[in-house]
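Inspection log for the structure reproduced underneath, given as structure tokens.
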Amino acid sequence: MTSVKKQTQVRLEENVLEAGKAAARARQLDFNKYVERLIVEDTTGARAAGMAAARRLIEEHGAFLDDLEESLDAPDTDPRPGVAA
């Protein structure tokens with residue numbers, strides 16, 4: 001079964017368009033596929049489900065994640081403990 005694609009025109013601010021193209025490249029998608037995926041995720045509830053899961057993760061493990069981030073950002077005073085210089 002082949003799907004019929006319809007073409008449409010969208011007007012975007014230049015900075016929004018460039019951000020969208022950069023996001024598509026980062027995901028190794030062409031811009032059209034990226035926009036299509038965003039619309040599908042938004043209209044099927046997949047995006048909301050993902051955001052809800054992320055919210056639960058932060059609520060349940062936020063303090064741990066904050067501590068981990070802080071320790072990873074801290075300067076490493078002894079990068080190889082136990083090894084003499």
Side-chain angles (χ1 to χ4, degrees):
M1 177 178 178
T2 57
S3 65
V4 177
K5 301 258 182 178
K6 299 285 184 171
Q7 184 171 345
T8 189
Q9 183 175 7
V10 179
R11 296 181 190 275
L12 302 170
E13 296 288 334
E14 186 175 353
N15 61 329
V16 173
L17 176 60
E18 291 308 315
K21 286 181 176 182
R25 281 191 302 273
R27 290 163 178 79
Q28 299 179 348
L29 297 170
D30 66 59
F31 183 70
N32 287 330
K33 187 65 178 175
Y34 174 70
V35 171
E36 182 179 18
R37 186 176 286 182
L38 286 177
I39 292 169
V40 168
E41 288 174 357
D42 190 49
T43 59
T44 62
R47 185 172 191 81
M51 294 302 291
R55 196 174 310 109
R56 282 192 309 276
L57 177 72
I58 291 170
E59 287 171 0
E60 294 174 15
H61 305 287
F64 170 77
L65 295 172
D66 288 342
D67 291 345
L68 179 61
E69 181 179 28
E70 187 176 310
S71 70
L72 292 173
D73 288 343
D76 198 358
T77 56
D78 190 4
R80 297 171 55 200
V83 176

Side chain to side chain contact (heavy atoms under 4.5 Å, CB included) with [X]: which residues, sequence neighbours excluded?
X     : answer
Ala19 : none
Ile58 : none
Asp30 : Asn32, Lys33

message: Tell me whether the count of non-hydrogen atoms from other residues, nucleotides or ligands lying under 6.0 Å of CD in Glu60 goes above 12.
response: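 Result for CD/Glu60: enclosed.
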message: Test: side chain to side chain donor-acceptor pair (under 3.5 Å). Region: residues 5-16. Which pairs qualify, not counting sequence neighbours?
response: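 Counting only pairs at least two positions apart or across chains, the side chain to side chain donor-acceptor pair (under 3.5 Å) contacts touching residues 5-16 are Lys5-Glu36.
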Quick check: is [Y] connected to [X] through a chain of hydrophobic side chains (ILVMFWY, heavy atoms under 4.5 Å apart)?
X     : Y     : value
Leu17 : Val35 : yes
Leu72 : Leu65 : yes
Phe31 : Val16 : yes

query: Roughly how far, to the nearest 0.5 Å, is CG of Leu38 from OG1 of Thr43?
result: 10.5 Å
If you look only at distance, which donor and acceptor atoms sit under 3.5 Å apart when one is on a side chain in residues 22-29 and the other is two or more places apart or in another chain?
{"residue": "Arg27", "atom": "NH1", "partner": "Ala23", "partner atom": "O", "Å": "3.0"}

